[in-house]
Each structure stands twice: as C-alpha cells, then as structure tokens.
Amino acid sequence: MTTTTDPHQASFRLSMLLYDSRYRSMTIQIIALIGFLTLLGWLFSNTANNLADLGKEPSFRFLSEPAGYDINQRLLEYTNRDTHMRAALMGLLNTLLVAALGCVTATILGVIIGVLRLSPNWIVSRLSAVYVEAFRNVPVLLWIVFTMAILIETLPAPKAFRGETPEATMKLFDSVAFTNRGTYIPEPLFSNTLGNLHFFGESSLRFDVSLDLILLAVLFFGGIFASIKIKRRADRIQEQTGDRPTTWYWSLGVIFVPTLIVMVALGFHLGYPELKGFNFKGGIYMRNSLIALWLALSLYTAAFIAEIVRAGILAISKGQTEAAGALGLRPNRTMNLVVLPQALRVIIPPLISNYLNLTKNSSLAIAVGYMDITGTLGGITMNQTGRELETVLLLMLVYLAISLTISAVMNWYNESVKLKER
Amino acid sequence: MSSITLDHHADRSKMQVSEEVAIEINGMNKWYGAFHVLRDINLTVNQGERIVIAGPSGSGKSTLIRCINRLEEHQEGQIIVDGTELTSDLKNVDKVRSEVGMVFQHFNLFPHLTILENCTLAPIWVRKTPKKEAEERAMHFLEKVKIPEQAHKYPGMLSGGQQQRVAIARSLCMMPRIMLFDEPTSALDPEMIKEVLETMVSLAEEGMTMLCVTHEMGFAKEVANRVIFMDAGQIVEQNEPEEFFNNPQSERTKLFLSQIL
Amino acid sequence: MSSITLDHHADRSKMQVSEEVAIEINGMNKWYGAFHVLRDINLTVNQGERIVIAGPSGSGKSTLIRCINRLEEHQEGQIIVDGTELTSDLKNVDKVRSEVGMVFQHFNLFPHLTILENCTLAPIWVRKTPKKEAEERAMHFLEKVKIPEQAHKYPGMLSGGQQQRVAIARSLCMMPRIMLFDEPTSALDPEMIKEVLETMVSLAEEGMTMLCVTHEMGFAKEVANRVIFMDAGQIVEQNEPEEFFNNPQSERTKLFLSQIL
Amino acid sequence: MSDMSYVRSEMLPERAPPASSVGVIGWMRANLFSSVLNSILSIVSLVLVVWLLSAFLSWALSPTWSGTSVNNCRELSGGGHVACWGVIRERWVQLLFGFYPPEEYWRPMLAFALLFVAVTPVLFSMISRRMNWVMLCVVLGVTALYLGGLAGSIAGLALLALGAAIAYKALSTDKDARAAEIAEGAKRLPNPLIFTAIFPFLTPWLLWGGSLWLPIAAALGFVLAFYAYRYLAAVLGSLSGLILSVIVALVWWLFMAVPFGNAIGGIIPLDLVQVASRDFGGFMLSLTIGVVAIGCSLPIGIVLALGRQSDLFIVKTLCVGFIEFIRGVPLITLLFVASTLLNIFLPPGTNFDIILRVLIMVTLFASAYMAEVIRGGLAALPRGQYEAADALGLDYWKAQRLIIMPQALKISIPGIVSTFIGVFKDTTLVSIIGLLDPLGLSNSIRADANWIGLIWELYGFIALLFFVFCFSMSRYSMYLERRLRTDHR
Amino acid sequence: AATLDDVKARGKLNCGVATGVPGFAAPDANGRWEGFDVAVCRAVAAAVLGDSDAVEFVPTTGKTRFTALASGEVDMLARNTTWTLSRDVDLKFTFVGVNYYDGQGFLVNKDLGVSSAKELDGATVCIQTGTTTELNLADFFRTNNMSYEPVPIETQAEALQQFNAGACDSYTTDASGLAAARSTFEDPSSAIIMPEIISKEPLGPLVRHGDNEWGDVVRWTLNALVTAEEFGVTSTNVAELSAAAGDNPEINRLLGTEGSLGEMLGLDADWARRAIASVGNYGEVFATNIGEDTPIGLARGLNAQWRDGGLIYSPPFR
Ligand SMILES: Nc1ncnc2c1ncn2[C@@H]1O[C@H](COP(=O)(O)OP(=O)(O)OP(=O)(O)O)[C@@H](O)[C@H]1O
Ligand SMILES: Nc1ncnc2c1ncn2[C@@H]1O[C@H](COP(=O)(O)OP(=O)(O)OP(=O)(O)O)[C@@H](O)[C@H]1O
Ligand SMILES: [Mg+2]
Ligand SMILES: [Mg+2]
C-alpha cells in the first residue's frame, strides 16, 4: 500500500513541535542541547572573566619549567632541575605502580579471604567475616593513615641497626632491612652488563631500559611460551592416550634454565642494602609511604573482593558441585573445571570495577606523602605554580583515561564470556 | 501423580536380574543434626534390578539415594556398593562414584560447556579416556538419547527434556554399573516427561541396575521389578509392582497410593 | 487448545451490533526493523462487535492489537479509532487511549498500589474525576468482576484469576468504548480461566466492543460475532464463528484448527 | 518373587544421634576439627586471636580516662605502652560536633533524630503509620521539654500526651477493628511521608539557623510550581505546563523567595541563632555532608537515570557523559575543584563558603552513582508496567511519578543505602582540603601541646564511630535485600 | 573600601589561619582558636568591630589558603605565609607587614651526632608541603652538592610523629615551627636546631590586591601592636593611658586622644586602644603565645624591637 499519503505534511503547525511525536523528541533534544551549551558557555565566560580579574591566563607553559622540588620514590631518574612535566610523569608512574601492586595483592588476599569465609571451619569463617566488616565499614583514608602510623611506630629506625649489639637486625640472611622509613631488598646487578637503551633524548619523557633486563625478560617469556607448548603437547597426549604426562619439571626447566644460564653469563649478583651514613644504601628501596598505601589499599579492597568472590562461588549452585562429585571428579578438579570457570564470569566484572576504585583511591596517597600524580601534579606543582585550573584539568584527564581504559577492558571481557542462552 | 502413557511397551524379558549383589545396605542410620532422617535401612539390590522408591515428601528418599554415592555421609551402619564399603576413605568413595551414575531433578548440566564437553569431561579427567574415544562414546550415548545433533550447543539452548536426556547420557559416559535417579522428571512438562521416561525404559531394557526415586507410577509398573515405599525415614513396604499397587499391605502405603493415583 | 465450558450460556440477544464504525484499519503495514510483521491489514469493526483473533504464534496478533492503541507505531496505512486517526499527533493518541481499554496476558497490575488505587489511578489523573467519584465507580466495577471485598488488598495477595479480573475492572473504570484483550487467560490455571472468561462474557452481554486475541475456542463460539484468523502477518480468513469452526475455507485455517481443537 | 516383599510392622521411633555428632563435641568436630587442615587452621586462628586480643587489651585497658595531657597520662598509667584516653574524654564532644556552639547542640541532635523519623516510613515498611507519628511526637516533645521555659514545657507535655494517645489507640485497636473503622469512614492518620517531605526544609533551618521563613519560602516554590502545573497543564498540555511551572518556580526562587522570606520574617520573626558552616566539624560535618549529598543527589540521580534510559540521543549522550566523567575521576579531584576552582566557574563576586562548595561537588559525585543505582532499579521493572501505564493513557511524567518511580525507588533502596555508606566514608577526604571532619580535627588536636604524639586513641575512636554507623547501615541494607528477594511478587 | 564595609556590615571578620600549628594557631578543647597568628586576627577584629571575638576562623591548608583569600572567602590571611615577590606580584596579594621574621632551619636528634646542616648528606628530611620550604630545601642541598631524601608531609602533627619515631633524620620548616615542635617533645633537649638558617622567611598577614583601604587597616593594626610595645603601652595600662591625653604625643596619636588617625583609616578614634586591650601589644602577644615562658619557648631573636637589635620596627604614627 503506497497510496496512503501523510495528511499532516502539508499543514505544519507550531504546536506540533510539542504534540507530534515526530517533532517532539527533536524539540526536547534541542532544548536540552541549548540548555547544556548555555550552561557551558556561562561557565566558560565566568571562568574567563574571573581569570582575567585575577590576571591569570590559562596556559600550560608551566609544564616545561623546572619543577624545583624532589621526589623521593620514583621509577625513572629525576632531579629537581627537571620540568613539571617530568615530575607529573613520575607521579603518573607512581600511581600506576601502586595501583598495579595493589590490584595484585588485593586479588590474592581477597580470593583467600573470600574462600576462607566459605570454609566449614567456624572460627576461620568468623574471622574472615570480622576482617571483611572491619575493613569495609571504616573509611579507606583512615586505613591509609593508620597503616602508615603502624609502620612508623612499630618498625625500627635505621639507627637501631647500628652499633655492636644493635636493637634491630636485617631479616632473611641479612638481605632485607625493614625500617620505619621503608624496606630495602637486594637488587639484581650484572657485572658484565650490556648497558642501557636510551629513549626520547633529553625530553621530559626520556627513559632508560637496561638491555640485561630486556634480554632476561625475552628469555623468560620465551620460556613461558615454550612451557605453553609443552602443556599443549601434554593436552594432545592426553587426548590420544587418556594419560596426562607429568610435565611440570619440563615447564620449570624451559622457563628457568636458559634464564639462569644467561644470568650467570651476565655476572648476575645481588646488591645488598648496607647501612651507610644516615640510611641504608644499595638495594631496591620501597618507601613506607608506598608500602603503607599499597597495604592499606590492598587490605581495604580485598575486603570487597572477598565478598565478590564469595558471592561468585555461592552463585554457582550446589547442584553443580554435586553433579561433578557424582561424576567422580575430585574437589580440586571440580573447582578448576566446573566452579571456577563459571564463578569467574560472575566475579570478574565487579572485580574490575574494584580495580577501578582502587586506582581512584590511590589518589589518597597525598595523605601519607607518597608522590603519585595527585601529589606531584595536583599537589606541589599546583602549589608552586598557582595553576589550579590547568593542573586539576590535567589530573582529571589522566584519571579519566585510566578509568576509561579499564572499563573498555571490562566491557570487552563481559562480551566475550556471556553465557550462551536459548 | 501424573501417569504418562509410554508409546511402546517395555520388554520385560530383556531385563534380567543376576544373583550378584550390587548394593548392600545394612542397618544404616543417618541424622541431620539431631533430626533422624534415615532409620535402620536394610536393602540389598542385585545386579540388574530396577527399583523404584516412592513415598511422601520429606520421607528421606533423596537422602537415601544420595548416601549411596556419598553425596551425604551416613553415621551408622554399612553401605557396600559393588563390594566396596563406603567409609571416610576417599579412595573407596572415588571408586564407588565412578561406578555409580546419578541423574538429578534439576539436570545440573555445566552451563559453560557444550553438550559434548559435558559428556566427555568426566571420562577424560576421571577415567583418563583418550579424548577421541571419549567423544565417540559420548556421541554414541547422545544418539541413544536421541539428541546427537545438539552435541555442540550449550545446555542453555536446550529444552528441559533435552537437558535431562543429556544428563542421562553424561552419566552413561562414565560406564556406570548402577544408575541413581532422583525425581528425574518432576521438573519437566508432560511432553518432555515422556521423552525422558522412554530413555530410561530403554536403559532398563539393556539390563542397567537402576534405583529411581519417582512418582511416575506408569513407569514403575512398566519397568520396576521392585517398588520400595518409604515414610518417616524408614522402608515401610517393598514389593513387586503388581502386588504393591494392587494389594498394598500397610496403612501408610494405602493412604499414599490413594492420594497419588 | 483448551476448551473450558462456561457455566451459563451467553445471551446473544443482548449483544447488539450498531452501524456505527468503532475501528477502521485501512491498508496498514508495520515492520520491526526489516521484518514485515503486519501486511496490508484491512479491518472494520462496528460498535458492539465482539471479535476474536486467532492464529499461530508469531503471526502478529498481539502486534495488531497493540497498534490499535498505539503501544506500537504502524508505518503505513490508516488506523481510525472512533473517528480519530492515529498519527504521530500525541493528542490523538491520548484521545484514543482514553477510549480504548486494554487487558494484557500478564495482568500488569501496579504492585505498589492497592486494588482500589489501581482502579482509580487513571480516572483521577487522566480523566480528572474527583477521588470520591472514582472510588465509587471503581467499587462498582469491582463488584461487577465479583471481587469488591479485595479492594484494599495489594495485587500480590490475589490469585492470577482475581488479578486478571482486577485488570479488567481497571480498564473499565476509564469507561472505554472499546476493549482489547491480548491472551487474557493464557497465563492462568484452568480454574481461573473460567472466572475470567465469565467476566468477559458478561461484558459482551452489555454491548462492549471487544477485540480479543485468545485460543479459548469455547469463548469464541459463545461470544464472538466474528473470528479473524491471522497468519504470517496477514488476515487469512474471517467469518462468523459457526462457519469458521465448522467450515474453514483456507488450508492454513484448517491446519491450525486441527492442531488446537 | 514374593521373597522380596516386605512390610514393616511397627514404625521405628526417632533416636538421638551418636554422641560424636552432636553437642559441643559434635559441633567442634564438625566446625573446627573436621580435617587435619581444618584443625591446624583452627589452632592457628585461635592463637592469632588470643595474641591480638591480649596485645590490644593490655594497651587499651589503662586508667588514663582522667588524664589531662600526654605526660599526665604517663604518670597515671605508670609508663609503658598504653592508651591515653584523656584525649577522648576532653575532645569527644568536639569530635562529634566540631565547633558548633555547645548551647545549640540540641539542634543537630534534634535534626538527627528527625532524620531518623523522616526515613523510617521509607526504610522500615513494617513500622505502622501511627508509630511514625508517635515517634515524631516523642522526639519533638522531648526536645520541647529540654528547651524548657513555660511554653516549652507545655508544648512538650502536650506533644508527649498526643504521642501517648496515638500509641494507646494503636495498641488498643487491632487490625480488624481498624479496618472496620476505616470502612465506616473514620479518618486515617495522614501519611508520615508528609513529614519526610517537610524534613529537607526544616533541617537546614535547624542546623544553620536564621529565619524559618527562608526555608518556607523555598518550599513555597515547589508548592507554586505544583499549582502552576496543575492549572497550566490543563490549559496548555502537560509538557508546556511542566516547562512553564519550572520557570515559575525558578522565578520565585531567584527573585521573590528571599524578599518574601525577609519581609515576613520582619513581621513575624521565627529565628534561631545563626551558625556558620565553618563551625560545623567532626562527625556532624561528615553526617551533614553525607545526608545532604544523598538527599540532593536523589532527584538529580533520577533525572540522570531517566536521561540515560531515554531514547533521545542527545539527552542520553549528555547523561552518559556526565555519569561516566564523574565516576571516572577520584573524589579528591572533585574536592580540589570545590576548594580551588568552583569560585572561578561562578559569576565574579559569588562567594559560597567552602562547606557549601564541598556539598555541591559531593552531591554531583553522589548523583552519578545514584543514577546508576536507580538505573538498576528501572531495569528491574518489567516492561508490562510501562505498557499498562501507556494503555491507561498516563503520559510520560505521570507514568514515571505514579507507576515507575515508586517501584524503581523501592527496589533501589539497598543500593541507595550502600551509596550512602560509600559517600559517608568518603567524607573523610574533606580533611585533605582543610575541613575539620573527624580526621581533620584529629590533626588539630594533635597540634595541641597537651596531646601531641597521640595517634591510636584518636584514630581508634574515629574508626569506631564510622564502623558503628556504617556497619549497622550495611546490615540494614543486607536485610532489605533479603526481604526484597523473598517478598518479590 | 569595599572589604572594610563588608566586614562592618557583616559584623564578623573572616580570617584565614592554619589548621593547626602549635603556638601560632590551634583550636582548644572549647573550639576557641588561640595563637600568635590568631592574635593578629583578633586585634583587627577588635579595631574594626570592637570585639576581638567577632572573628570567623577559616582553617586553610597550604593548598587552599590563596584561593580562599583570592575568592573573598576570607578577608585576610594570618597564617605562616612567606612574603615573596611572586606571591605579591603574580598571585596579586598585598603583604601588609611582617609579624614574624623567620627562616628555614633543621631540627635533628642529638644522638645523631650532627652539628651542622652541611653534614646532612644522605639524610632523610621531613618537610611540610605546600610552602616554599621544599624549594629552599632542594636549593640548599643542590648548592652544597649533597643528596637527601625528602619526605613530604601535609601536617605538622604527622611530621613530628615521623621525626620522633626516627623515620626522618631531620625535620625542616621555619625555625619558629621547629622551636615550637621541639618544645612539645617529652625531652626537648634531645633534639637540636642546626645553626644554619637556609632562607629568609618573613611571615606576615596579607590581603587581596586592589583594596588599599582595607590593607591599611590591617597594616596599621599590626603596626599599632608594635608601636604599643615600643612605647610601653600594654593591655594593662592602655585603659589608663587612653583615659586622657598624656605627655607622649606618639602614644596620644596611637590611642586616639590626639589627632584623627582613626578617622583617616575609616575607623573611630579608639581603634588601636581596643586592639591593644584585647590581645596586648606585640611583645605581650609574643610572650603569651610563643615566648620563652610558654611551652613553645621562642626567644625574641630577630623579632625583638629594633631598639633591642631586632627587626621589629613600626613606621611612626603620625
Ligand atoms: N541438608 C539438610 N540438612 C537438614 N535437613 C535436611 C537436609 N536435607 C534434607 N533434610 C531434611 O531431611 C528430610 C528428608 O529429606 P529428603 O530430601 O531426603 O526427602 P524426600 O523424600 O526426597 O522428599 P521430596 O519428595 O520432597 O524430594 C526432610 O525433612 C528434609 O527437610
Ligand atoms: N519488539 C519487537 N521487535 C522485533 N520483532 C518483534 C517484536 N515484537 C514481536 N516481534 C516479532 O513479530 C512477530 C509477531 O509477533 P506477535 O507478538 O505479534 O505474535 P503473536 O501472534 O502475538 O504470537 P503469540 O501467539 O506467540 O503471542 C514475531 O515473529 C515476533 O518475533
Ligand atoms: Mg527428594
Ligand atoms: Mg502475542
């Protein structure tokens, strides 16, 4: 039927903007857009006026000026002559560092606590419940300052290591020093080092990568790749004969033997921390601010993750375990083959949003003086340059970029594991 | 309760009972906390027997059947399955479980695995069957339950009746000597009940030892060689189906039958 | 499918069809995306007619009925309800909706409101009836569907049949001139189907114009003055019930009737 | 084969289970020592608990409640590593109320009690209408008595009597009798939600003081808008009616409300002593920020959630953009905006005080989360509810107001409570921008020469406050979730 | 004179102070703010409004203080803020004077065995962020070719916690702060302040650019306190001295018994008397809040009157 014509085309009336479903949505959207643009314009003009009054013109030039302050915990080399930009970069790396460390430990801890909470052991499950409630119901900021205070108050100062009969000694065969300034662990050193690769010249983004470490990483990941091959082969053998060959020593071998050989060839040795002057020298040094933040964020987030894990496992009905048991599968196999693959689908989305929260909470680093991006760009740089608008804007963009990346990963995962339904 | 009529009559002549004892239960007692759920159960099942267990809700039918492959632990008495006594020794439990298949009311298929993977999982990981062989066997049993074409779908995509048939095939893939059914049809629509019962009949015709909790009395008459009536955790009456239905002895049995038939 | 026998026979003499046109559908077409769900529908319904729409699942029955009060938009052709054409003009839509009542398969009562509030909500807010009057009218219709005593309960406390009757009363409270029913009984147990059908019969006796998608053929024979058979989005056949059931013309209708009767 | 037939002649009685599976021993065996691993775990945990408890108790049980300074504490306890509780004794009021004038403490306390009264009808559906009014009468009555004076005493006694009367009536009529009364046309008590609606206007007056006429004028804006809508919608149709009534309300608030309030206030003054925001501190500040943010974010969240659900592309994009932006950045950056930038964004000369600015930003923050919670509630509603509303001829806004929102909000309550807990905990962040919430105050207290160096006592006290509050709320929300699951129709 | 009128109309002075520095600004158990900086606020309030309690104290951090002032949230800032060119010119504030001459120093534990800041190579140094201190510190160590590890900290309380626990070898901030901090130690003699003062830190109250009348009020209130000390006017004798004009014309002009200085400022004649009566003269303020008899125990040092060899010097009242 193409004969019907639209009788309303000819006579457009103004009221149709509101009472005709074809135009109405357009009208509303245009009103919304105008409203939004007006708001935006209003904010912009206010900002422009206010800044003009203050005599500040928005500009990002300060980023290339020398920062003038020092950063104690950093992943790349940096001096107070470097630019604000590089200081911000150090901060960003620190943020990512503590977020990554936190996510890993929070996950491990959270899974353990979550599983313990389901334990048939009364006291263990009760203790885990106490843990979860204690951490979930007290602000994370409080936990951060609390942890910091514990580290400062309970660990020995470096000077306690001094003297004939020191009050404190290094732990683990004199290789690790826990002090109330931070923890020193041995660092890997190479006597026949291959040198460093240098990127980005003298710019603010410059960084060095040790060729030794690259080589070792390549070997290590190559080993992992080989061990995957070995596992595949074991799978094939199992498919063919039903018996699964024991391969763990092969896997370990290909991962570690080449790496170890090259390490020896490069003259690998550990550099131990030593008490020199006011502080320990040498070794890898993790400041207490980092450790406190890392610990507190992990402990706090772990409480949430534990609940997620528990809910995830509980969501897999008892019937699934029983069915697996009735088929003769041992509990650990049941866990690996039946419960975990299903529970993970339930667990991972909220898990990732907790990673996101942890990353955002890492901005509280400022409370313990850990120089993350909020501490550098949003802290000292903002203070010293007085560029509140620019720094806060940059700060938000950085966090937004991190968040969006993480949620993109999450969406991709959710899509890929959707259960197939009728 | 319901009484679905099966399309073809079961061939009783094929169902032979041997002298060999498959399951022996002696003076078994079980408690849930302080609640005495199974009381002094004595039961001997021979190889090839098809036993239907009936009884009012809460009488302990499921619990009894679940004790036989130790999904529940009993506290007193003996359960000997195929010569292996069920104790807290995990090896015995493993042995028994690999010889006893179980089908649940709610199918309990693994939703993250395809039908074929559901069927090959246990043979591969428990029996250490080569994958190829396991798959062939799985296809064989899927054909038997008449759904080979669904092998690569996921359980969520199948109807209830199809899912229950997959569950049966999955158990069969472990080549059990004994099959336990716990109300396999009570979550299904009448149409589907028929499909599943027919599958079970054909299983009985092949001489499988079966213990089946069900209220499908048509099935019991057709297939069972013994009907056990439980009430309040005890075996109150057992008899051949003919006798059981036409001439119940105990008052409780009579009451129960009057209600469900 | 099922065929519930109603307790009292409908009084056809009361059901008078006037000359006035209630609904007119001319060359109406509708697509869901690229899927052509309704094809060239032409239908005229007079004031007082009782029309039953039947057809296989997915044939577009629900869609057709939902187009009539614009829960769905059609893309081509005309739908004129009580002289008002359904176009994108929202005022017309409002007008039509206040004259057309609709009853859904799943009742869709508002669970947070009492039965009485369910019934008075639209009269008060749409028709701007004073509350008192609205409540009186609601009680009147609740009496008609025989559940005045439930007026202060919440929908969750009622049985399915009672809920569906409330849904009917709720529609009636808006004093519609036309009632649409979309499988009003298919979510109900047989017992309850009867209650609801009886309510619908008494409605028909009062001369309400009704369009009813249903598979209750007993109802169709009893009440309808026309049965429309749809398949693949088209009206395949329409006739008086007698003729329709005893002497179907098209092959598809025959096939369909053989399946459901 | 009749050899297999068997009939039980007499039924077995129930028997007690073997001793090893019941009683203390059975319980311990089942719950503590069911396997080797479990036994080890049990023992390790026990040792851990005992060790932690003994360490904690030996620190916490110290006779220093009366200490007046750190040194005084040391003397009282005879040295050693023990708590100095004197600081809590001296400062707990400050940690609770900040710098709020002590003679006005009754105001925040009354506000808090009223908050409880206002949310009860929403949160605890099993408490009857009458009980709600009784609670209100009791709270107001006790306050009036506390304030004393002749008028106060009379009003207090009257209110208490009224409460007692309602309670007596409630207890003496059972359900059926009540139903009969209602059927006869006896008036029901007004819905306690009326008080919930008044509460948001009453509280600011209680907390900040000033003239009662200003909140009344603000509330009048809503009343005006409502009547304008009623009248205009009938004449012009609902959408233009809505837009115009919003404009009416805005005009009232922007140009007329304050002069009106001042004018009437000049004639009939109903003033409380003004308290500046910066005198808010401690736990009361956290609570104020939390409650205000959640309260204000609710309507914004609803609008955002509806926008996000709508099929209008631009509206949807704007809402999604806002929500994702807010959820993507840490609260602390928003607080930086509040403390350093917000005044730059507003017209030159505007000057909100810092607490107001923080309130604005925390509200925006909470509304993004609120929007997601409410979206979940909306998504949980079956489509049929929308269709039924449409079929009855309700327009979009009426359907939302009468059908969709009441249900969606109910489903969302557990989520809203969780969001509140989150926001409430996050209020500690304001200490970073120099507000004196409990954590910020603890720093100031430690700057007092008497209490320098004290950490655990203060942190512990603050943690305890938060814990008690958040824990009970989270329990409540869990209970709600369970109930929603079971009484789901 | 917009600000002055605002303050008068409001009846309250909004004064930005630190969130907690012992002796300089901290709330006591009753929530009453006390301290050396606080006294300046009170003096101004007394001068302008006649009531030294008509002050709203706005606690600010290093980060928020300038915004608070620039946005008009506070009328003046009396908080350890160093007068620098860029703050004056670029951030557009007017420093109305110096109420405390300070300099950044180092506090170390005695048993560390260090006697000079030059020996701090490799040390861990706690600093309070948000001030000029971290820049000074970086400059000092760079020019002396030494390395150090900074530990940035938000509040003094936390800095002291770390210092006392030995988590940093040295605590650096303005010497006044160091002395104040040291005074709170269980054993104040266990820590020593290094002789090096690595920066000039003239601390003083400041107001916004562009409102010179208001700036004058604050400036001359401060000067009044200084002048009062110079001429021996104290809170105890000020009532007596202002009852009638005395022999000293400077005192007379100060106390309004002669001339019309108050009027020129837009205040009444009594303004300085009220300021002095409420908080005392500069010396009294110093003595009651941070002087040698207080737990803080600071010597006058640079902050002595110019006649006594210090830098405290008020332009003449005339
Ligand atoms: N895990 C358990 N803990 C405590 N009591 C249980 C448990 N499982 C079952 N029971 C109780 O044991 C009794 C027997 O349960 P069982 O499931 O064996 O009954 P049933 O005969 O299978 O009933 P139905 O026909 O309803 O399935 C019931 O009273 C039940 O409530
Ligand atoms: N919202 C929609 N989007 C796309 N396709 C739809 C939608 N609603 C229905 N359809 C399709 O349109 C066709 C007709 O649907 P309709 O619900 O009208 O059928 P019906 O005749 O009422 O079937 P039933 O008896 O099962 O209710 C079906 O193929 C259906 O899949
Ligand atoms: Mg059972
Ligand atoms: Mg349909």
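Keep in mind the model is a prediction, meaning the values are calculated, not measured.
Proximity to chain D is absent for every atom of C:R127, based on heavy atoms less than 4.5 angstrom apart. Contacts of C:K95 with chain D are absent, with no heavy-atom separation under 4.5 Å from either backbone or side chain. Heavy-atom distances place the backbone of C:V100, and not its side chain, under 4.5 Å from chain D. If you measure heavy-atom distances from C:F110 to chain D, the contacts under 4.5 Å come from both the backbone and the side chain. Looking at C:L109, the atoms closer than 4.5 Å to chain D (heavy atoms on both sides) all sit in the backbone: N, CA, C or O. Heavy atoms of D:R230 lying under 4.5 Å from chain C are absent altogether.
Enclosure of atom OH in C:Y32 by more than 12 non-hydrogen atoms of other residues, nucleotides or ligands within 6.0 angstrom is indicated. Around CH2 of D:W397, the count of heavy atoms belonging to other residues, nucleotides or ligands within 6.0 Å does not exceed 12.
A distance of 11.5 Å separates NE2 in C:H112 from CE in D:M405, rounded to the nearest 0.5 Å. Annotation: the span from D:L392 atom CG to C:M174 atom CE amounts to 6.5 Å, rounded to 0.5 Å. Rounded to the nearest 0.5 Å, atoms CG (C:N69) and CG (D:D390) are 8.5 Å apart. Rounding to the nearest 0.5 Å gives a distance of 10.0 Å between CG of C:L121 and NZ of D:K398.
The closest donor-acceptor contact from the side chain of C:N108 to the backbone of D:G384 lies under 3.5 Å.
Contact detail for D:G393 and C:R97: the closest heavy-atom pair is CA-CB, 4.1 Å.
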